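Notes follow the structure.
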Amino acid sequence: MTRFLDFLGTTTFLVLVMCGVIAEAIVLVLVHQRTKRGPRPLEVCTFLGAGLAFVVALYAARAHDGTSATFIIALTGALILHVWHLAVLSRR
């Protein structure tokens with residue numbers, strides 16, 4: 001169990017999470033294109049993009065042992081995408 005918990009604290013785990021978010025976005029956009037059901041692609045990209053940017057910030061903080069330019073840019077990107085997502089939802 002401790003090995004599993006140690007793995008959750010590695011940058012490898014964060015890379016796997018990033019890959020999962022990207023795969024989820026691709027699947028949701030493709031499903032919407034085929035069936036015209038589910039969230040619109042812009043909603044998917046802004047929502048999951050904010051989450052992906054946040055995970056990139058976590059990765060940068062973990063990989064560089066603290067604050068770096070990548071961390072600040074990724075966290076700012078997450079905020080911008082989050083606000084953009086809220087604006088997209090408010091136009092429904």
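Positions are given from 1, in the same order as the sequence printed here. All values derive from a computational prediction rather than experimental measurement.
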Following the transitive rule for hydrophobic clusters with a side-chain heavy-atom cut-off under 4.5 Å over Ile, Leu, Val, Met, Phe, Trp and Tyr, establish whether Leu30 and Leu28 coincide in one cluster. yes
Validation: residues 44-51 side-chain donor-acceptor distances under 3.5 Å, sequence neighbours left out:
{"unit_1": "Thr46", "atom_1": "OG1", "unit_2": "Leu42", "atom_2": "O", "d": "3.0"}
{"unit_1": "Thr46", "atom_1": "OG1", "unit_2": "Glu43", "atom_2": "O", "d": "3.2"}
{"unit_1": "Thr46", "atom_1": "OG1", "unit_2": "His85", "atom_2": "ND1", "d": "2.8"}

Pairs of donor and acceptor atoms involving the side chains of residues 17-25, under 3.5 Å and at least two apart or interchain, shall be tabulated with distances.
none

Here the gap from Leu89 atom CG to Arg91 atom CZ, rounded to the nearest 0.5 Å, amounts to 10.0 Å
Please set out all donor-acceptor pairs under 3.5 angstrom arising from side-chain atoms of residues 5-16, sequence neighbours excluded.
{"unit_1": "Thr10", "atom_1": "OG1", "unit_2": "Phe7", "atom_2": "O", "d": "2.7"}
{"unit_1": "Thr10", "atom_1": "OG1", "unit_2": "Phe13", "atom_2": "N", "d": "3.3"}

Under a single-linkage definition using a 4.5 Å side-chain heavy-atom cutoff for Ile, Leu, Val, Met, Phe, Trp and Tyr, are Val55 and Ile26 assigned to the same hydrophobic cluster? yes
Got a sec, which pairs hit side-chain hydrogen bond (donor to acceptor under 3.5 Å, both in side chains) with one end in residues 26-38, sequence neighbours left out? none
Given the rule that I, L, V, M, F, W and Y join up when any side-chain heavy atoms are under 4.5 Å apart, are Leu52 and Val29 in one cluster? yes
Nearest heavy-atom approach of Gly77 to Ala53 is C-CB, 4.1 Å
Taking atom CG of Leu58 and atom CG of Leu75, what is their separation to the nearest 0.5 Å? 8.5 Å
Scan for ring pair (Phe, Tyr, Trp, His ring centres under 6.0 Å) pairs involving residues 49-79, sequence neighbours excluded, and state none if there are none. none
Checking one residue: Val31. Which other hydrophobic residues are in its cluster under the side-chain 4.5 Å linking rule? Val27
